Q: 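I'd like to ask some things about the structure below.
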Amino acid sequence: MTEMNRTIRGTPGFLLLPFLFIIAASGCGESGATGENDNTGGASPGTGGASTSGTSAGTGGATTGSTSAGTGGAATGSTNAGTGGGATGGTGSGGSGAGTGGAPSSGPTFHIFMLMGQSNMAGVADKQDSDQNSDERLKVLGGCNQPAGQWNLANPPLSDCPGEKGWNLSTAVDPGIWFGKTLLGKLAEGDTIGLVATAESGESINTFISGGSHHQMILNKIAKAKTAENARFAGIIFHQGESDSGQSSWPGKVVQLYNEVKEAWGADYDVPFILGELPAGGCCSGHNNLVHQAADMLPQGYWITQQGTNVMDQYHFDHASVVLMGTRYGEKMIEALGW
């Protein structure tokens, strides 16, 4: 994992107002976080990226004239491509596979992203007409008030409503829709984006990892998503921490969640995991130091700043900030994947 300059961030919020007393009990409330380093860039091509006349290609796809083929992307004139795939006769792979958990290199790819976290990922601010999507290349598995277990046109909110705990709103916009809309601008012709949203408002990370009350829901969605034709597990965006603010064990549990999701996908390659800072002016800005720490502990960990956002209550981004954070998630994913 490489690093770039980071900037100072604030803290996000989380629970719905009717449940603020739960947040208070969870230890929210330290002030500002600083950081310099954004785990971005580096000397070698990133995940899904391409390498020209280099010695290696990123994790992702076929090679031309190389000795081995990777999982996903493309390398031209290189001696090695990333992990995964296979080469045909030592001259590159045209469709011989992309490794466990990835799509074959021939034909269009269905790039699938996990959207994970609590209320600021599920959405709280009221959705507006500008949040709607009509592009059939952007799908969601299930989604709020849409048929479960199938791929539907993605429109907010993307997580189940009311969710397993019953707190996810049906009237909200979530950053996931703007993440997806941002990715569309760089999507290869013929490819499709699939969003698998598992956010649950007001929840500790303990409920998402093994033994937690929402863990099986996550596994069930992954099991369904991975059956899609030409499916490729491509990355995760994560906004959570208000319920675990300041807990030193949290970064390690983020890593555990990543490993469990990757195992459920059966992926033999790493994917970008992008964490969002908690909003400033809310309950838990001090937790952002742990957000940065978790990113540093992941094989392809990144974080995005909350700088310039506003909260509409003690915990939750206002509408403009949801759009901004979703766009930042998308831009960082594009950078991490080399799109």
Side-chain angles (χ1 to χ4, degrees), residues 1-12 33-49 58-60 71-72 82-83 101 111-118 120-121 175-176 179 182-183 196 198-199 205 208-209 218 233-242 244-265 267-278 284 286-307 325-326 328-339:
M1 177 181 63
T2 58
E3 296 186 347
M4 290 182 63
N5 290 333
R6 290 185 181 165
T7 38
I8 297 173
R9 308 346 184 213
T11 352
T34 57
E36 297 263 319
N37 260 328
D38 203 355
N39 307 321
T40 308
S44 60
T47 304
T59 305
T71 312
T83 58
H111 307 273
I112 301 182
F113 298 88
M114 302 290 295
L115 318 180
M116 311 188 78
Q118 53 184 110
N120 271 317
M121 183 60 75
F179 165 74
T182 302
L183 292 181
V196 179
T198 64
I205 195 171
F208 301 127
I209 57 180
I218 294 170
F233 176 37
I236 301 168
I237 64 172
F238 184 68
H239 195 108
Q240 197 276 333
E242 295 91 339
D244 303 296
S245 182
Q247 296 184 18
S248 61
S249 61
W250 185 83
K253 291 176 181 178
V254 172
V255 175
Q256 179 181 345
L257 178 63
Y258 168 77
N259 288 331
E260 290 176 348
V261 168
K262 180 180 168 181
E263 180 181 5
W265 272 97
D268 58 3
Y269 54 90
D270 292 316
V271 301
F273 190 111
I274 303 174
L275 300 94
E277 284 192 326
L278 281 62
C284 316
H287 188 78
N288 286 334
N289 289 322
L290 297 178
V291 170
H292 305 162
Q293 183 180 330
D296 288 340
M297 293 169 63
L298 291 160
Q300 289 192 51
Y302 307 84
W303 55 270
I304 60 167
T305 179
Q306 61 72 47
Q307 189 173 0
M325 290 297 286
R328 286 175 175 169
Y329 276 121
E331 291 170 346
K332 181 61 69 177
M333 187 64 74
I334 288 168
E335 180 182 338
L337 292 173
W339 283 13

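All residue numbers in this chain count up from 1 along the given sequence. Hydrogens, waters and symmetry mates play no part in the numbers below; they use all other heavy atoms, side chains included. Model, not experiment: these values are computed from the prediction.
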Q: Output, in order, the C-alpha distance, side-chain angles, deciding distance and verdict of side chain to side chain contact (heavy atoms under 4.5 Å, CB included) for Phe208 and Thr198.
A: CA-CA 9 Å; Phe208 301 127; Thr198 64; 5.9 Å; no
Q: Is there a side-chain contact between Tyr329 and Thr182 in this structure, where contact means two heavy atoms from C-beta onward sitting under 4.5 Å apart?
A: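 No, every pair of side-chain atoms sits at 4.5 Å or beyond.
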Q: Test Ile236 against Tyr258 for side chain to side chain contact (heavy atoms under 4.5 Å, CB included), laying out the working first.
A: CA-CA 8 Å; Ile236 301 168; Tyr258 168 77; 4.0 Å; yes
Q: Could you check whether any side-chain heavy atom of Leu298 comes within less than 4.5 Å of a side-chain heavy atom of Leu275, counting everything from C-beta outward?
A: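 Yes, side chains in contact.
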Q: Mind listing the closest non-hydrogen atom pair of Ser248 and Pro251 along with its distance?
A: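 Scanning both residues completely, I find the closest heavy atoms to be O-CD, 3.3 Å.
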Q: How long is the span from the CD1 atom in Ile304 to the CD atom in Glu331, to the nearest 0.5 Å?
A: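 With rounding to 0.5 Å, CD1 (Ile304) is 9.0 Å from CD (Glu331).
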Q: Do Val271 and Lys262 have side chains that get closer than 4.5 Å, going by heavy atoms?
A: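 A side-chain contact is absent here, since even the closest heavy-atom pair is not under 4.5 Å.
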Q: Evaluate the side-chain proximity of Ile205 to Gln247: yes if any heavy-atom separation is below 4.5 Å, no if none is.
A: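 Not touching, per the 4.5 Å side-chain cut-off.
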Q: Relative to the ring of Phe238, is the ring of Phe273 parallel (under 30°), tilted (30 to 60°) or perpendicular (over 60°)?
A: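 Tilted: the ring planes of Phe273 and Phe238 meet at 30° to 60°.
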Q: Hey, are the side chains of Ile237 and Met121 touching, using non-hydrogen atoms and a 4.5 Å cut-off?
A: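 Side chain of Ile237 against side chain of Met121, heavy atoms only: contact under 4.5 Å found.
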Q: To check you understand the geometry: which heavy-atom pair defines the closest contact between Leu183 and Gly330, and what is its length?
A: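 Closest heavy-atom pair between Leu183 and Gly330: CD2-O, 3.8 Å.
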Q: Side chain to side chain donor-acceptor pair (under 3.5 Å) between Trp250 and Gln240: does it pass, once the steps are laid out?
A: CA-CA 10 Å; Trp250 185 83; Gln240 197 276 333; 2.7 Å; yes
Q: What is the distance from atom CE of Met333 to atom CZ of Phe113, rounded to the nearest 0.5 Å?
A: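 One gets 5.5 Å once the value is rounded to the nearest 0.5 Å.
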Q: To the nearest 0.5 angstrom, please state how far the NE2 atom of His292 sits from the NE2 atom of His287.
A: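 Rounded to the nearest 0.5 Å, the NE2-NE2 separation comes out at 10.0 Å.
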Q: Measuring from Asn120:CG to Met325:CE, what's the distance to the nearest 0.5 Å?
A: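 Here the interatomic distance stands at 8.0 Å.
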Q: To the nearest 0.5 Å, what is the distance between NE2 on His239 and CD on Gln306?
A: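 That separation rounds to 9.0 Å.
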Q: Under 4.5 Å between any side-chain heavy atoms of Met114 and Ile218, yes or no?
A: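 A side-chain contact under 4.5 Å exists here.
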Q: Taking Glu260 for its side chain and Ile209 for its backbone only, find out whether a donor-acceptor pair lies under 3.5 Å.
A: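 Between the backbone of Ile209 and the side chain of Glu260 there is no qualifying donor-acceptor contact (under 3.5 Å).
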Q: Looking only at heavy atoms, which two atoms of His111 and Ala234 are closest? And how far apart?
A: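 So the minimum-distance heavy-atom pair works out to CB-CB, 4.3 Å.
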Q: Classify the ring geometry of Trp265 against Phe233: parallel below 30°, tilted from 30° to 60°, perpendicular beyond 60°.
A: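 Trp265 and Phe233: parallel rings.
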